[in-house]
Amino acid sequence: MGASENGDDDLDSISDDRHSDCVPGSPRLDREDEDGFPSEVVGGGRGEGIESFGEGDGGSFASSFYGSGTDWSRLRSSSEEEGDGSGVILDDDGGGLRSGTASEKKLKQGNLLQLWGVKMKEIGAGEPRQANLLQMWGLKRKGAGDGGCEVAPLESELPPAKKRWRRLNGGSNGGAVVAQPRVCPFYKKIPGTPFTVDAFRYGCVEGCSAYFLTHFHADHYGGLSKKWSHGPIYCTPLTARLVRMCLYVDPLFIRPLELNEEHIIGGVRVTLLEANHCPGAALIHFRLSNGQCYLHTGDFRASKPMQAYPLLANQRVDVLYLDTTYCNPRYKFPSKEDVLSYVVRVSNDFLKKWPKTLIVVGAYSIGKECVYLALSKALGVKIHADASRRRILQSFNWSELSERISSNPKDTNLHVLPISSLRFEILDSYLKSYGNQYTDVLAFRPTGWTYSERTQLSLIKPISKGKVTIYGVPYSEHSSFTELREFVQFLRPSKIIPTVNVGNASTRDKMQSYFQEWLKDKSMSHNS
DNA sequence: GCGATCAGCT
DNA sequence: CACAGCTGATCGC
């Protein structure tokens, strides 16, 4: 599921090996860096495959690239904040303040008012948030005192493409990203190579001459803009299109790599694999010239079919950079297929009782398409999305989806809205804006984490208010705890580096103990 | 005015 | 709790 077709792409005209000479002549890894990894990371045989980091062709890996920020202690951690007195900490490169306590952030931002405890809300008398969402749909005029007009926005009234993207996806930069260190953390760097993964918000990363982007979500592409000039960006053709269309990155820097093809970049054999996350999302497999193999999962949902990928089946993986979003046994959720049939069933039942129901699916910029696609197929109706979202969805070249998209909201009772719109007041206004076309709204909020307490789909209880009913459904695009365990036990990597939830020392310890538990029985190895 | 970044919130 | 943002605000240019 979730795989989208890669049709012809208009971006891939530039040959990939133009930047294959990108390893700068730099000193070797400093001894003080050791293997560059904290000792808490699980290792197979201690040291095996580790000493070789930084050797071989990739040995010119800059020590400055890998030397700073190589341990967890540089990461933000609430527990650590309590521990070390949380003074202002200077970066190695001098001057910069490390993201840390709230006071540090305020200092860094130079926001004296906040530092002094003056709240923003007390200063500005802003409009309530709802007004803007209503304005977005043309339901309410700016500054107009009336109850809103009754018509959906006309195409001609919409802002130009760029404004529309920015409107859909956040403020001025396509969505704010949570505070992170200014220095690229070590787990975004691939040792023995001049590569980083999803590391765009650190400016020019020293020693990095190739920047990989696993998928088009703001917390991964953060920092990319039309001013990007720090090096080539490698990603799938679909992600490449979005980077150009939505962020206006200069195409000279964008290097689309077809899935399932080996590409030689800087002497490293690189293959992108379908990640089962959002459209365009990829796992990245690196095979260094010294034989070391690394797998970076980006964000992914582990699945059985992945175990048949030729690069993963019966292959040694030395280091696994793992999406550990739900690496806790409390996170159990059903398969995507089960959730899709559940959503269809709920909708059919609802429509039987209230035939004039508007069905709404909440979604971010990309991801969760299969939820409304499944509804579209089952109900035999089209999908309405606004111009901003249509532009993105059409760029997928996913014909099964494209054919079902409608620009006219009155064409169909199945609409996609930003997930932030799934609130009673907003949906109620939305319902009213269609006059008497609909009597009720049935909305689905697909997410992975609302499901933590429930164990069965049948136990899900919707919340209703007036004519609006909202279901939170456990449609996850990350691996459940069980899926993660099965994937790790299948792959049996020598070493695992978590890439999510790493800001807290106790969470890191917990994850490492799970990894050890999963890998303790060597006789179960598939990949020995 | 525009773009980047931050706090607070969902 | 955490996902993947959203929104308003400030700051530099």
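Basis for what follows: all heavy atoms, side chains included, without hydrogens, waters or symmetry-related copies. Below, chain A is the first sequence line, B the second, and so on; all start at residue 1. Predicted model, so just to flag it, every value in this text is computed and none were measured.
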- prompt: Counting distance only, does the side-chain N/O of A:K368 pair as donor-acceptor with the main-chain N or O of A:Y475 below 3.5 Å?
  reply: yes

message: I want to verify a distance call: between B:dG3, C:dG5, C:dA4, whose nearest atom is closest to the A:D299 side chain?
response: C:dA4

message: Any side-chain N or O of A:S365 below 4.0 angstrom from OP1/OP2 of C:dG5?
response: yes

field: Under 4.0 angstrom between A:K368 side-chain N/O and C:dA4 OP1 or OP2
entry: no

query: Mind checking what makes ring pair (Phe, Tyr, Trp, His ring centres under 6.0 Å) contact with A:Y342, not counting sequence neighbours?
result: none

message: Expressed as a whole number of angstroms, how long is the span from A:Y475:OH to C:dA4:C1'?
response: 16 Å

message: Tell me whether the side-chain N/O atoms of A:T447 come closer than 4.0 Å to OP1 or OP2 in C:dC3.
response: no

task: Determine, using ring centers only, whether A:Y326 and A:F481 are less than 6.0 Å apart.
output: no

Residue-phosphate contact under 4.0 Å: A:H478 side-chain N/O, C:dA4 OP1/OP2: yes

message: Nearest whole Å is fine: how far is C:dA2 P from A:R301 CZ?
response: 20 Å

query: Can you tell me how far P of C:dA4 sits from CD1 of A:I366, to the nearest Å?
result: 11 Å

task: Please state whether the base of C:dC3 and the side chain of A:Y364 form at least one donor-acceptor pair under 3.5 Å?
output: yes

message: Any side-chain N or O of A:H217 below 4.0 angstrom from OP1/OP2 of C:dG5?
response: yes

query: Between C:dT7, C:dC1, C:dG5, which nucleotide gets closest to the side-chain atoms of A:A218?
result: C:dG5

task: Round to a whole Å and report the spacing from CG of A:L247 to P of C:dG5.
output: 11 Å

task: Rounded off to whole Å, could you give me the CG-to-C1' distance for the A:L422 and C:dC6 pair?
output: 13 Å

message: Under 4.0 Å, heavy atoms only, any strand: does A:S476 hit a base, just the sugar-phosphate, or nothing?
response: nothing

- prompt: Using the ring of each side chain (for Trp, its six-membered ring), is A:H277 parallel, tilted or perpendicular to A:H215, with breaks at 30° and 60°?
  reply: perpendicular

- request: Take A:F487 and A:F300, measure what side-chain contact (heavy atoms from CB on, under 4.5 Å) needs, and give me the verdict at the end.
  value: CA-CA 11 Å; A:F487 184 76; A:F300 83 130; 3.8 Å; yes

message: Whole angstroms only, please: what is the OH-C1' distance between A:Y326 and C:dA4?
response: 10 Å

statement: Whole-Å distance, A:F216 CZ to C:dC3 C1', equals 17 Å

query: At under 4.0 Å between heavy atoms, what does A:D323 touch on the DNA or RNA strands: base, sugar-phosphate, or nothing?
result: nothing

- prompt: Starting at the 5' end of DNA chain C, which residue's closest nucleotide do you reach first, A:T325 or A:I419?
  reply: A:T325

message: Taking 4.0 Å as the cut-off, does a side-chain nitrogen or oxygen of A:H220 come that near to OP1 or OP2 on C:dG5?
response: no

statement: Among C:dC1, C:dC3, C:dG5, the one nearest any side-chain atom of A:Y331 is C:dC1

message: I'd like to check A:I392 versus A:L242 (side-chain heavy atoms, cut-off strictly below 4.5 Å). Are they in contact?
response: yes

query: From C:dA4, B:dA4, C:dT7, pick the nucleotide closest to the side chain of A:H277?
result: C:dA4

- line: A:Y202 OH to B:dT5 C1', in whole Å, measures 14 Å

